[in-house]
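One structure is given here, and the rest of the page talks about it.
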Number of protein chains: 2
Amino acid sequence: MLPKFDSVFSIDCVIFGFEAGELKILLIERNEEPYKDWLALPGYIVEQDESIDDAAERILYELTGLRDMHMQQFHTFGEVNRHPQGRVITVAYYALIRINGQKELRPVTQYAKKAFWHPVSELPKLAFDHSEIFNTGFNKIRRRLHYQPIAFELLPEKFTLTQLQSLYEAVLNKKLDKRNFRKKMLSYGFLKELDEKQKGVSYRAAKLYKFDKRKYGKIFQGEMTIG
Amino acid sequence: MLPKFDSVFSIDCVIFGFEAGELKILLIERNEEPYKDWLALPGYIVEQDESIDDAAERILYELTGLRDMHMQQFHTFGEVNRHPQGRVITVAYYALIRINGQKELRPVTQYAKKAFWHPVSELPKLAFDHSEIFNTGFNKIRRRLHYQPIAFELLPEKFTLTQLQSLYEAVLNKKLDKRNFRKKMLSYGFLKELDEKQKGVSYRAAKLYKFDKRKYGKIFQGEMTIG
DNA sequence: TCAAAAGTGTTTTTTATACACCCATGC
DNA sequence: GCATGGGTGTATAAAAAACACTTTTGA
């Protein structure tokens, strides 16, 4: 039979958002020991009767009020002493979401005082090994941006090509050539040009585009190269 | 405080080898319930006082007699019912090794009757969700082969360009053009041509090459594209 | 001398890069 | 009318792909 251990699995979530040309990440202020009052990634313990994917959804909801995020695990952290109170192995997940499309952030449980967006530049020291978890996750999505259409998960449904480009530039941390970027993006054929323009700007309004998931699926089996 | 759960972490290892132009994987025959007598990936339970990376090394050693493999985790499997006797979350690791450089396979514990190499084509149904774990791992290394120098971990220290190419072909499951392959590989500059030739073949002996890790490190920060 | 694999270049096509000016709009 | 970002094309360079024959060796 299986041994009985006092071992615990947890989930930690690295949730990226994009707002005002800046890449942000979702943090909570802890309301529990250890690391009470510290900033941390949203994370908690997996129950015995839920899969880790389900646990990730639930935990994020409880700590931030956000639901139905599409999260993907990216790494498992299993050092013996990563949690001061015992053996806790944590599976880290990431998601990319539209900040504006979301209602306000409101923790449902008492474990977090609040949840809020913080720019990825100038992150403070986080609780546990969460700074390391964040870095690993950031590197993953940076890599993935090159060959998967994850950028569109961060933008509003309708976006301009300039917004798309500035997102790429923010994540990859480098400038891209405007003409080449647009040429390549449009050449893939999965962007649908809308009959609509940007509103409320004090300069020439840009065309709006939509990501066409259907077409993407037909064209690619998950491959592209940008940046 | 942390709750007490009857939860267990385990490690499963997907170990690839290359022999006779064929990609192989290391399997064990189980000597324990559940799935007694079934074929399975080498895997076992993580102790409370060891990191998951350490556990992976230990477990592989105990089940196969292989030591000092450089393993990397690639995914964590956490469905509730993946183990019939209770909640077990498993972290899957892979490694690529030289079959010929290794001594014989000899399990150190009683949990495995034997360990052996099996071609990745025509794998039988494995215990637990190990078939799924294998598939996930195989896809990972197939992806990684494109941009990381992992092929050299599978070949003997000295190898011919044809051996290298046939390894790429076996993993990617497609034919590559000989001239283009050689041109590109050599252009990277991390292959060292030796003053030595193949022996014991009944045809023109090919030059032997070595992977120059030093040069690779200098030239790349982990990037290349082949296949 | 034959079988088997080693070794070798050139052309074409595709993809990436570099680069600068006029346009439309709101204030 | 001016400030702001929107929008556009071409030329060059680099990389990838297609393609077939001669050489060496051992048996």
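Naming convention: chains lettered A, B, ... in sequence-line order (proteins, then strands); numbering from 1 in each chain. The structure displayed is predicted, hence computed values, not measured ones.
- In this structure, Lys184(A) atom NZ and dT17(C) atom C1' are separated by 11 Å, rounded to whole Å.
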- request: Using a 4.0 Å heavy-atom cut-off, write out nucleotides 19-27 of chain C from 5' to 3' as B (base contacted by protein), S (sugar-phosphate only) or - (no contact).
  value: BB--BBBS-
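- Side-chain contact between Arg82(B) and Ser51(A) is absent, with no heavy-atom pair separated by less than 4.5 Å.
- Taking the six-membered ring where the residue is Trp, Trp38(A) and Tyr35(A) present perpendicular rings, their angle passing 60° and hence far from 30°.
- Between the side chains of Arg143(A) and Gln148(A), no donor N or O sits under 3.5 Å from an acceptor N or O.
- Screening Ile15(B), Asp53(B), Ile97(B) for a side-chain contact (heavy atoms from CB on, under 4.5 Å) with Met71(B), the sole residue that qualifies is Ile15(B).
- Counting non-hydrogen atoms of other residues, nucleotides and ligands closer than 6.0 Å to CG of Asn173(B) gives a total of 12 or fewer.
- In this structure, Phe159(B) places its CZ atom 14 Å from P of dA6(C), rounding to the nearest Å.
- The CG-P distance, from Leu176(B) to dC19(D), rounds to 15 Å in whole Å.
- Taking atom NZ on Lys175(B) and atom P on dA16(D), their separation rounds to 21 Å, with Å as the unit.
- Whole-Å rounding puts the Gln163(B) CD to dA5(C) P distance at 13 Å.
- At the phosphate of dA5(C), neither OP1 nor OP2 sits under 4.0 Å from any side-chain N or O atom of Thr162(B).
- Going from atom CE of Met185(A) over to atom P of dT15(C) covers 16 Å, rounded to whole Å.
- No more than 12 heavy atoms of other residues, nucleotides or ligands shown are found within 6.0 angstrom of NZ on Lys215(A).
- Rounding to whole angstrom units, CD of residue Gln198(A) and P of dG6(D) are separated by 6 Å.
- In this structure, Leu186(B) places its CG atom 13 Å from C1' of dA6(C), rounding to the nearest Å.
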